[in-house]
Amino acid sequence: MKTVCEQKTLELAQSELTKFNGYAKLNLDPSLPSFEIRCTSGAVMISGPTAVDILYGVYDFAERYLGYCFFEPGRDRFDEENVIFPLPEGVLVKAHAPLMKNRGFIQEFPFGEDTPALFDWMAKNKLNYLQTWMKYYDELTPELKEMAEIRGITIESGHHSFNYWIPGEKYAKTHPEFFAEIKGKRIKPGKGAFLLSEQLCTTNPALRKEMVKNILAYCKKNPEVKSVAVIPNDGFGWCECESCAALYDKNRKGDLYSVSEHVCKANGIYHDLVRYIADQVHKTRPDVDVAFCAYVNYCTPSEGFTLDKGMILHFAPYWRCVNHTIDDIECPINSRYAKDICDWAAVKNGGTFNIYEYYMGVNLYVSLPMVHFHELFYEMQWYADHKVDGILTQFHISHWTAYGVNYYLMARAAFGEEEHESVNNMLQKLFGKDAAIAVRFYGKLKKLIRSAGHCHIPYPYSLLSRTTLESYETVRSFALELAEKAPDDPFRKELVLWTEYLCRFKKLFDDYRRGEAGAREVEEFRKWIHSHADTRIFVHPKIDVLLDAWIAAIKAKKEWLHFNLDWEDAYIRKHRDLLGVSLDFYSLPLPPVRYTRP
């Protein structure tokens, strides 16, 4: 018997099929691993084990045979020349199990007017998972929750959550002992610098009980939530009280690859809390998963810790190199992350293991180029071979022109679709007879990124300091050629604008380093960016933060590298020395072989 939600999903599938001018019978078949599309004597049958699988089948049918392309949220494309009729006989799409169980996005911004288009796009591209901050989930309306559920999207209310469970504004005065002790004094939460760096006194028994109490109350208030996050505030700042310090070695520092060699490893103290919270929550709510993350100085599993049933791990390869695949032995950054992934796979004991990716540039959102075409398919298979269950990436709709190709292909790679067919179909759908020019455009863009050196960590300084303006101008010439071929295509127009931005950014950076540009020129660059607000190129607030830091550095007469954080700038300087073109890679400790499945 179908549930109300399943019935609504089937009704949506039928209405969408009608909208796309498609004719097919929809059929629930529990024996299939996913949807199957079959044509018999001209009659189409879309079958699947669930209503959501059938909905996926409808969208797949529309893209493959009915002339549609679902590249951007809210901007479906239709080209009559891509309609295939009559249909071939037999199995048009063979059912196969998705490569990744969880496929989706991490949303670090409030829900808004674009949310319906986002949910719609996710279903059209077979994405089924959205992680968001708890403070944003609290603002999600019942109507939007139902819209996501009908489309098979699980929304995880999570992300950095220490401050959500134990908010400083509530507990700082009544329970100052709940907050980290640094250099002999309890911190005053809310006073920290950028990246928070404010943690809790995680070994405090009363703190732990209060956190469990608040989590259980939250689950009762939000019965639809199937997971809760126990994830530290962003940054560092772990407690140094006697009880907490007993769970980590002050002399054991983090690592360069995970941007944490200036602080102590915190995996032991963090996992001790995670284990306690999971055990206590599951005594009352065994149906609720407890999510946690592997990140910066808590990337690796601590001794004796296991990823048990009822736990969800989000592994974040923060500041990973984008010029190598995740398992490349020649990369001193990614190879270390690959080892961590293997170590987590080795302690997986019924839990869920997701990769938290940055296919938009390490939380900067400043629209500098990142192109992941074929690497996505290779890495997705490598993850699947190493017991990974899901792939999620940060994103913004407002920079889709820059990174949408990554998101679109990530969806296909995660579902297990064929690599070359997926890439070629995307280019053909977007550019038609001009696909060959598009291949050269993205090829030149990839060459530009690779020219940044053997390794490239995608913050602006890494790219802008190691590339030439001529390379950006070459990329722009192909964008102009594409636009000339189809002057009314809004995506091609935005490619031209995007490449102009890249050229302007690079020239400004070069002028600044030569002493020929200062705060006034940076402000002029900002003004030009804001003059193009109605595009899908820029996440304006994020770029403003970066430009503000640049201007502050100029006024302080200091070298601009990033956000003017001393610890962060120190890593960029070290990367500059170690990860440039001239690096002797064998001077760094590397694993002896390419990693294989444990």
Side-chain angles (χ1 to χ4, degrees), residues 134 156-168 170-172 175-182 186-187 189 196-219 227-250 252 254 258 260 263-286 288-316 344 347 349 351-353 356:
M134 306 187 81
E156 179 188 311
S157 178
H159 220 276
H160 297 295
S161 60
F162 274 14
N163 188 61
Y164 186 92
W165 298 126
I166 307 294
K170 177 179 178 180
Y171 290 98
H175 293 280
E177 73 279 5
F178 281 5
F179 301 92
E181 179 183 303
I182 306 293
R186 295 289 174 180
I187 65 168
L196 295 177
S197 294
E198 298 177 355
Q199 308 303 349
L200 303 173
C201 182
T202 59
T203 61
N204 184 301
L207 173 281
R208 289 183 170 204
K209 290 180 181 178
E210 188 73 7
M211 184 178 284
V212 170
K213 184 188 80 171
N214 291 344
I215 289 172
L216 291 175
Y218 179 86
C219 293
S227 66
V228 292
V230 181
I231 296 178
N233 297 331
D234 207 352
F236 309 101
W238 290 84
C239 184
E240 298 172 355
C241 77
E242 184 177 354
S243 178
C244 287
L247 291 176
Y248 61 89
D249 183 351
K250 289 186 177 181
R252 190 180 176 213
S258 59
S260 60
V263 292
C264 302
K265 280 188 176 290
N267 50 341
I269 186 173
Y270 177 38
H271 296 156
D272 188 75
L273 175 70
V274 169
R275 184 185 293 108
Y276 174 86
I277 298 295
D279 289 346
Q280 296 302 310
V281 168
H282 289 154
K283 285 180 180 179
T284 303
R285 292 295 303 271
V288 173
D289 292 336
V290 173
F292 66 109
C293 71
Y295 179 53
V296 289
N297 59 330
Y298 41 96
C299 267
T300 58
S302 55
E303 185 175 355
F305 186 81
T306 51
L307 179 56
D308 296 331
K309 183 179 179 182
M311 292 181 175
I312 301 173
L313 169 66
H314 299 298
F315 181 92
W344 279 110
V347 301
N349 186 38
T352 298
F353 185 5
Y356 182 122

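At a threshold of 4.5 Å between non-hydrogen side-chain atoms, the residues Thr202 and Cys244 count as touching. Taking the side chain as every heavy atom from C-beta outward, Met311 and Thr306 never approach each other to under 4.5 Å. The shortest distance between side-chain heavy atoms of Met211 and Leu200 falls below 4.5 Å. Annotation: side chain of Tyr164 is not in contact with side chain of Asn214 (no heavy-atom distance under 4.5 Å). The side-chain heavy atoms of Cys241 and Arg186, taken from C-beta on, include a pair separated by under 4.5 Å. Residues Ile231 and Tyr295 fail the side-chain proximity criterion, which asks for heavy atoms closer than 4.5 Å. Phe236 is not listed as a side-chain neighbour of Cys264, based on a closest heavy-atom distance of 4.5 Å or more. Side-chain atoms of Ile277 and Phe292, non-hydrogen and from C-beta on, never get closer than 4.5 Å to each other.
Taking the ring-ring contact (aromatic ring centres under 6.0 Å, His included) definition, one finds that Tyr248 meets it with nothing, sequence neighbours left out. Applying the ring-ring contact (aromatic ring centres under 6.0 Å, His included) criterion to His159, with sequence neighbours excluded, gives Trp133, Tyr356. With sequence neighbours left out, Phe162 forms a ring-ring contact (aromatic ring centres under 6.0 Å, His included) with no residue at all. For Arg285, the side chain to side chain donor-acceptor pair (under 3.5 Å) partners are Asp287, not counting sequence neighbours. The ring-ring contact (aromatic ring centres under 6.0 Å, His included) test applied to Phe178 returns Tyr171, His175, not counting sequence neighbours.
Across all their heavy atoms, Thr203 and Ser243 have their closest contact at OG1-OG, 2.8 Å. Closest approach of Lys309 to His282, counting heavy atoms only: O-CE1, 4.2 Å. The minimum heavy-atom distance linking Arg275 with Gly304 is given by the pair NH2-O, 3.9 Å.
Rounding to the nearest 0.5 angstrom, the gap separating the CD atom in Glu181 from the SG atom in Cys201 is 7.5 Å. To the nearest 0.5 Å, the span separating CG on Asp234 from NE2 on His160 amounts to 3.5 Å. The distance from the CD atom of Glu303 to the CG atom of Asn267 is 10.5 Å, given to the nearest 0.5 Å. Residue Ile182 holds its CD1 atom at 6.5 Å from CD1 of Ile187, rounded to the nearest 0.5 Å. Between the CD1 atom in Ile215 and the OG1 atom in Thr284 there is a gap of 11.5 Å [rounded to 0.5 Å]. The CE atom of Met134 lies 4.0 Å from the OG atom of Ser157; values are rounded to the nearest 0.5 Å.
Residue pairs meeting the salt bridge (charged side-chain N to carboxylate O under 4.0 Å, His left out) criterion with at least one partner in residues 202-213, sequence neighbours excluded, are Arg208-Asp272, Glu210-Lys213.
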Item checked: side-chain contact (heavy atoms from CB on, under 4.5 Å) between Ser260 and Tyr298, worked out -> CA-CA 9 Å; Ser260 60; Tyr298 41 96; over 6 Å; no

Margin query: Using side-chain contact (heavy atoms from CB on, under 4.5 Å), reason through Phe179 and Ile166 one step at a time and then give a plain yes or no.
Written below: CA-CA 9 Å; Phe179 301 92; Ile166 307 294; 4.0 Å; yes

Margin query: Evaluate Leu216 against Gln280 for side-chain contact (heavy atoms from CB on, under 4.5 Å), listing each step before the verdict.
Written below: CA-CA 10 Å; Leu216 291 175; Gln280 296 302 310; over 6 Å; no

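The backbone N or O of Ala229 sits less than 3.5 Å from a side-chain atom of Ser161, completing a donor-acceptor pair. A distance-only check finds a donor-acceptor pair linking the side chain of Asn233 to the backbone of Glu198 [under 3.5 Å]. Under a 3.5 Å cut-off, the side chain of His271 and the backbone N or O of Phe305 do not form any donor-acceptor pair.
Ring-plane geometry between Trp238 and Tyr270 is classed as tilted, the angle between the planes lying from 30 to 60 degrees on a 0 to 90 degree scale.
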